Structure formats: C-alpha cells, structure tokens
Amino acid sequence: MSTRIRKAETVRARSGGRRASAFLARRSLTAHRRAWAAVFAATAAAAALIGAFALVLGSLLPARPPVERYAGADAVVAADQKVSYTAKPWGSEPKTATAYLQERARLDRSVVAKAAAADGVAKAVADDSVPLTVGGGTGAVGRSWPSAALTPYELSSGRAPRTAEEVVVDRALAPAATKMGSTVKLRVDGAARPYTISGVADAGSRGGAPAVFFTEARLTALAGHPGTVDAVGIVARDGVSPGALRDSLGDALPDRTDTGRGIRVLTGSARGEAEQLDALGGRGDLLALLGSITGTVLMVALLVLSTTVSQAVHQRSGELALLRAVGATPRQLRSAVGREVSRVAGAAVVLGGAGAVPLGLLMRSLLTTDPLPLPVPLWLPLAAAVAAAVVVAGSARPVSLLAARSITGMRPAAALSAARAPEPDEPGRLRTGAGMLLAVAGVGSAGAAMAQGGQAAAVAASGAATSLVIAVALLGPWIAQAATRVLGAPLRRTGGVSGFLAAKSAAAHHRRLGVAITPIVLVVAFVCVQLTAGATLERAADRQAAAALRADLVVTAPAGLPGDAAAAVRKAPGVAAATGVLRSSVVLAHREMGDPKLDRYPVLGVTAGELSGTVDPGVTSGDLAALTGRSTVAVGKDRADELGVGVGDRVRLRLGDGSTTGLRVVAVYERALGLGEFMLPREALTEHVSAARDARILVRSEAGPAAASVRRAVAPYAGAQVRAATADDIRITRASSEEDDALIVIGVGVIGGFALLAVVSTLTLITVGRRREFRLLRLVGAGRRQVTRMLFLETGLVAVTGLTIGMAVAAIPLTAFAVSAAGTVPYMEPVRYGVLAGAVLVAAVAGVAIPGASGGRVRRR
C-alpha cells in the first residue's frame with residue numbers, strides 16, 4: 001500500500017510541476033514578448049534558409065537532361081562517360097573516385113550489328129553527328145538520314161537523300177518556299193561546297209540544334225572516325241517493354257568495348273544523358289558547391305540560433321535566480337524555459353517552413369537550368385519545410401537548457417545572491433579553453449593551406465575560416481574587453497557625457513558586447529571569404545593571361561573553325577604567326593591526403609611552331625618548340641612541383657574521351673592560372689574531342705595590323721569574324737558564368753542577408769533587455785538625448801570591432817589560400833567592402849534604433 005501511495009504522490013507532484021512550468025512559461029512569454037520576438041525572427045529566418053537549401057538540393061538530385069534528339073528511340077546504347085580511379089588510402093580499405101568526361105566517348109561500330117541482333121529490337125541505327133555551318137554562318141548539326149527516325153523527323157516535302165551530293169534540311173533552316181532541287185552551301189571542314197536539297201524534314205516542336213541529313217556513307221566520311229560511332233539508337237518491336245529491351249540488349253552486348261570503355265543501355269528519361277554529355281558532370285559539380293554552401297548555412301544558422309537563444313535566456317538570469325530562491329525546483333525552471341523556447345520555435349518554424357518554399361524556388365530559378373531542368377516533386381516543398389523544422393526546433397530547446405544550467409542548478413540560498421548580483425561577465429574556463437583551441441586550429445589550418453595547393457588548400461582555408469569564426473563566438477567577452485580598452489579612451493575623450501557612459505557600459509558588460517559582436521564578425525568573415533577568394537583568382541588569372549598574350553588579332557566563328565583555317569590565315573600578307581586554339585579537358589588521377597582523386601582540368605591544344613609569336617606562357621625550363629606529336633605536354637610550374645615532375649619526365653593523363661596516355665614533359669611554364677595546368681599539341685587532342693574545331697585563331701601581325709588581309713583569308717569560312725585580341729581569348733576559363741553569378745547571389749546575398757538579419761535580431765534583443773538600465777540612467781539625471789547618443793556610440797563601437805575582427809578572421813585563411821593558389825595577396829574590390837561595411841552599419845543601427853527609440857523614457861512628477 002505504501003508503494004502505491006508513494007507512486008501516486010510522485011505522479012501528483014510531477015503533474016503539479018508540469019502545471020507550474022506551463023504557468024511560468026505562459027506568463028514569461030507575455031512579459032518578455034519583445035525579447036522573444038527577436039528570437040522568433042532569427043528562428044523563422046533560419047528555418048526558411050535551411051528549408052530553401054533542402055528544396056534546391058532535393059530538386060537537383062533527381063534532375064536529368066531532357067530527351068530531345070532521341071525522343072523517338074526506345075533505347076540508346078552509348079559508351080560510359082565516366083572514368084574511375086581506385087587506390088588504397090593509408091590504413092583503410094580501397095576507395096574509388098569517379099569523374100565525368102567532357103568529350104564524347106565513342107563505341108566500336110561492331111556494336112550496331114550486335115544491338116540489331118538482340119531480341120525485341122526492330123532497328124538499330126548508328127548515330128554520328130558533325131558540326132557544320134549553313135549559308136552565311138548559321139550553325140547546325142549534320143546527321144545521317146536513317147538517324148532521323150530517332151527524333152523523329154518526318155519528311156514534309158521531297159524525298160530522302162540518295163547520293164553524297166544530296167541532303168534533307170530541317171524545316172527551321174529552309175524557307176517556306178524552298179524548292180526541291182535547289183542548292184545550299186554547307187561547310188563541315190575545309191571549303192564550303194554546294195549540296196542539292198532533296199527534301200525538307202520537320203521534328204515538330206522539339207528543341208535542339210537544327211539538323212541537316214546526309215546519306216549514311218557521306219556522314220560517316222564527314223565524321224572522320226569510320227571505326228566508331230557516337231551512339232546507337234534502338235527502335236523496339238511492338239509490345240516490348242523498356243525493361244525487357246534493356247535486359248535483352250544487356251545480354252547481347254559486351255560489358256566493355258575493345259578500348260576498355262563501359263557500354264550503357266539508356267531507356268526512359270536516362271536517354272537524355274547520351275545527348276548532353278556533361279550534364280550529369282555539371283550536376284555533380286553543382287551539388288558539391290551547393291553541399292558546401294549548405295554546410296556553411298547549417299553552421300551559420302545554428303551559431304546564430306544558439307547565440308540569440310542563449311542571450312535571451314541569459315538576460316533573464318536574475319528572474320530565474322529569483323524563482324529558484326522562492327522555491328521553484330530545477331526541473332520546473334528547466335521545463336519552463338524549454339516550454340517557452342519550444343513554443344517560440346514551433347511557431348517560428350511553421351512560418352519559416354512556409355517561407356522556405358518561395359525562397360527555395362527563387363534560388364532554384366537563379367541556377368542555370370539548361371540543359372538540366374530541375375524538377376519539383378509535389379512532396380519536396382513539404383519535406384524541405386519538415387527538415388528545416390526538425391533541425392531548428394530540435395536544436396533550440398537544448399541550447400536554451402544549456403544556457404540556463406548555471407541558474408537552475410543553484411541552491412535556493414545561492415540563487416538569492418545571484419538574483420541580487422549579476423552573473424560574472426567572463427566566460428568559464430571550458431569555454432575559454434575551447435575558444436583558444438579552435439583559434440590555434442584555425443591558424444594551423446591556414447598554415448596547412450599555405451603549404452599545400454589545389455583543392456587541399458581550399459579545403460584547409462575553409463576549415464580555418466570556420467574554426468576562427470566559432471573561436472570568436474566563444475571568446476567574444478575577451479575580444480570585447482580588448483576592444484573596450486582600445487576604443488574606450490577615444491569615446492571618453494570625444495563623446496562627452498554620452499561617450500563616457502558608452503565606454504563605462506561597454507567595459508562593465510563584456511559578455512553582452514561579445515554577443516553583439518559575434519553576428520557582425522560572422523557576416524563580415526563569410527562575405528569576405530566568398531567574394532575575395534574568387535576575385536583574387538580571377539585577378540591573378542587576368543594578369544597572367546594579359547602578360548601571356550602576344551597576338552593582336554583573333555578569328556572566331558559561332559560553330560568553331562576547321563583545322564585548315566589557321567593555315568589559310570598564316571598565308572595572309574602581313575601575318576607573322578597564327579595558331580589555332582583547340583579547347584578540351586584532361587583528367588588527372590592522383591592522391592590527396594592518401595585518398596584517390598580525379599580532377600578535371602581544361603586544356604589548350606596549340607601548334608608549337610606558331611605559339612611563340614602569339615602566346616608567351618612564361619617558360620621556366622624546357623622548350624615549347626618540342627610540343628609536337630601525340631605524346632608531349634607542357635605543365636604549369638606549381639602542378640609540376642606538386643607532381644614531382646620536370647622536363648623529360650612522364651605524366652599520365654586521361655584525355656577528354658577517357659583514353660589514358662603517358663605524355664613526356666617538354667616544358668614547364670609559370671602562367672598556369674591564365675593558360676591552364678597543362679598544354680598539349682593540337683594533334684594530340686583531335687582524335688579525342690567530340691568535334692576537332694578550333695575555338696580561336698590567334699594572329700600576330702608583322703608590322704601594322706593585318707586585319708584586312710586576315711578577313712580576306714577567312715572569307716570562305718562562313719561566320720568567321722576578325723577583331724582585336726584580348727586576354728579573355730586565351731584564358732583557360734571564362735571570367736564568370738551565369739552559374740557562378742547565381743552561386744554568388746545565393747551564397748552572398750541569401751546567407752549574407754540572413755547574417756545581417758541576425759545582427760538586427762541580436763542587437764534588438766540586447767537593447768530590449770536594457771530598458772531598466774536606460775530608466776535608471778534617466779532617473780539619476782541623464783537626458784534622453786544623452787542616453788540615445790550613448791546607445792548609438794556603443795553601437796558604433798560594436799560595428800567597428802565586428803568589422804575589424806571579421807576582416808582579420810577572413811584575412812588569415814584568405815592570405816594562406818591566395819599565396820598558395822595565386823602567389824599573391826587577397827584582393828577584394830574596395831566598392832564591395834564599402835557596401836558590406838555600410839550594410840553592417842545600417843543593420844546595427846536598425847537593431848538599436850526601434851527598441852531604443854524611447855531613450856529610457858520615464859514619467860516625471
């Protein structure tokens with residue numbers, strides 16, 4: 001019986017404790033609604049931001065390129081567009097790294113017959129394509145007439161081509177009054193030649209480049225690789241399901257081609273992968289970048305959330321101590337605080353989850369969706385909102401309980417003393433030790449970044465920035481104390497009574513000042529790192545490309561230029577040198593920290609004999625004149641040092657189509673940021689690119705500009721244009737792209753905006769908690785303007801300190817990265833930093849202006 005009584009009493013006590021906790025939570029929410037409003041805003045913004053990124057990542061994961069060219073095919077057989085590299089890290093199981101290829105990996109032509117013999121196959125069509133220009137320079141794609149069924153194209157007039165001189169043209173290329181038997185000039189490679197139009201075909205509303213159809217024999221000759229095909233389109237017999245067709249083809253075809261490439265059978269939405277070769281590779285790169293930004297988002301959101309909630313609870317330490325002194329149990333206080341935060345966070349995540357959908361759709365619209373449209377399944381916005389709610393709400397309550405632990409665990413007598421005296425302003429030993437440890441780790445990571453190169457340096461610099469930002473958050477009171485000593489004296493000397501009050505208030509409340517500084521340091525460090533890293537590399541690459549340029553003219557064409565165009569330019573009067581520039585990529589397999597890595601680098605294919613007159617890579621050893629044949633390479637100095645190779649050594653690379661080759665190093669040069677890590681002879685790349693057409697022809701004039709003679713030389717090449725050469729013509733990558741701009745907007749605009757909102761919320765919360773202090777100052781004789789001016793002087797101290805510390809936090813990893821990657825100091829446009837400083841000042845003023853507008857107004861009798 002006694003056991004039952006004790007259990008009943010325990011249940012009644014717990015029930016009473018829950019009712020008391022609920023009562024305290026309700027009353028506290030009403031009494032501190034202004035302070036909780038700041039927490040609500042920060043929590044809702046964090047939920048919206050996390051949900052938006054979840055929505056973008058969720059829509060990107062299932063994205064596939066659209067099916068256009070093979071819309072009429074039931075399946076497509078194509079070579080695997082990936083390469084892999086397996087290695088065993090230190091003390092671990094073997095790991096495999098993969099990378100997508102930028103150029104077309106082709107199939108042996110024997111695959112066509114094997115696919116046609118598979119069960120359920122009605123027709124197997126070899127599909128090759130060649131870029132060409134029509135008439136005055138319109139770009140198009142040349143295909144064989146049998147492959148027209150794969151789109152499908154249908155004849156709207158005329159008939160199929162029967163001879164090598166006949167073609168069927170796309171309706172998009174043919175005028176409405178086109179007569180059968182008329183001629184059209186086409187240039188594939190070499191001089192333009194006339195063809196007879198035997199028919200006009202229409203593919204309906206399907207997009208893609210317009211096509212010109214040749215006989216299969218003529219197209220094979222024009223493609224220039226008679227032993228291989230780009231892909232094989234499959235038309236199934238009636239009643240054969242995609243799954244059965246895929247299995248049948250899998251049984252009939254070998255796993256790999258004679259060259260070792262894997263063979264893939266693509267059905268359904270996967271057929272688009274055979275059209276847009278690098279779409280999935282681009283998706284992988286975008287996923288990696290967005291994943292990195294998402295990790296930063298989580299770090300920023302949790303740091304802001306923990307800072308805001310901790311400050312809200314800390315400002316009530318006297319109230320909590322008083323409740324503990326009058327008999328509230330630790331369980332009741334913890335439950336009350338937890339209920340308050342849970343209710344605020346619960347309402348905030350609902351609003352934030354709803355806001356995540358339009359924000360995520362806005363971010364998604366900024367990304368380049370062609371040729372990879374991003375689907376939005378109906379369940380995805382809800383899942384993103386739920387994910388944000390779980391992360392934010394799940395972290396808010398533990399943070400609040402952790403912040404209140406020092407008061408709720410006190411004995412009632414000790415709590416009574418704590419209610420009368422404020423909590424010590426200095427952080428505890430554990431917090432100080434953790435902050436110092438992270439600061440040392442951040443500086444050490446920056447040193448590691450300076451000693452490394454490539455991706456390893458970027459990762460180390462990013463880790464250094466993260467460690468230093470968290471260290472500032474932990475060591476905020478000590479930083480605030482140092483800032484007060486430095487800036488307090490000028491405030492007292494120049495600010496009059498308000499300056500004296502501001503200096504004294506800042507000196508007396510280091511912890512509060514440290515909390516205010518943290519979000520400013522966060523936004524400054526984050527924005528500076530995001531903007532400066534890319535700007536530093538861009539500036540260094542621009543300088544190197546400008547220093548390397550020796551050409552004064554450049555020839556371009558919409559669809560590129562055939563190989564004989566450069567030879568024609570060299571013969572023009574007044575031309576000292578001319579070299580075609582063929583662009584492609586290579587994949588380098590190496591180890592990084594013991595793990596296997598596959599890095600893809602863009603490369604230039606050049607003609608060595610003409611290179612010295614048009615481009616100066618800054619050779620430090622070797623001779624670029626030896627860059628000939630199919631087995632030589634020139635390497636950038638930093639990459640050569642990293643690989644441990646020099647002139648005469650061999651480098652093993654995978655070319656654009658995945659072919660592995662060993663190349664002998666004939667030269668080492670120093671302008672690799674502008675010209676790329678590797679430079680190959682043009683003839684080494686021509687058989688390993690989708691289309692062997694020069695992107696540019698660089699021209700060096702003898703005495704004066706030879707533009708007129710160069711224009712006459714390229715007149716037979718439709719669409720060719722001659723203009724003055726610029727550094728962008730030889731830069732290995734473009735200065736910026738739409739995707740890069742979108743990521744900057746997302747990374748800097750969205751996250752930086754959230755961090756600025758955190759500045760406003762944190763300063764609003766602190767200002768609301770100082771109402772009693774303002775009233776006391778008014779009661780002892782301070783004027784309203786003096787109190788208001790004191791408040792804004794403190795805000796200026798906080799803003800200046802935050803900007804300075806934020807710049808220092810960003811400068812440490814950025815300097816290490818810039819020295820390692822570019823051999824220069826970090827660079828950021830002064831205008832951008834001015835905008836950043838102005839935004840921080842506006843946010844700081846907004847955070848104190850509205851709640852502090854009363855200036856501690858009191859009623860005088």
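Computed from a predicted model, the values in this text were never measured in an experiment. Index from 1, following the sequence.
The closest donor-acceptor contact from the side chain of Glu93 to the backbone of Lys88 lies at 3.5 Å or more, if one exists at all. No donor-acceptor pair closer than 3.5 Å links the side chain of Ser467 to the backbone N or O of Ala464. Remark: the backbone N or O of Lys637 is not paired with any side-chain donor or acceptor of Glu670 at under 3.5 angstrom.
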Can you give each donor-acceptor pair under 3.5 Å made by side-chain atoms of residues 513-521, sequence neighbours left out, with the distance rounded to 0.1 Å?
residue : atom : partner : partner atom : Å
Thr518  : OG1  : Gly514  : O            : 2.9

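Residues Arg731 and Glu538 meet the side-chain proximity criterion, which asks for heavy atoms closer than 4.5 Å. Leu793 has its side chain out of reach of Leu797: every pair of non-hydrogen atoms, C-beta onward, lies at least 4.5 Å apart. Using a 4.5 Å heavy-atom threshold, the side chains of Arg639 and Leu643 count as touching. Under the 4.5 Å side-chain criterion, counting only non-hydrogen atoms from C-beta, Val527 is not in contact with Tyr833. A heavy-atom distance below 4.5 Å is not found between the side chains of Tyr827 and Thr532.
Pairing each heavy atom of Ala640 with each of Val635, the nearest pair is N-CG1, 3.8 Å. Minimum heavy-atom separation, Leu55 to Ala356: CD2-O, 4.2 Å.
If you take OH on Tyr85 and CG on Leu598, they are separated by 8.0 Å, rounding to the nearest 0.5 Å.
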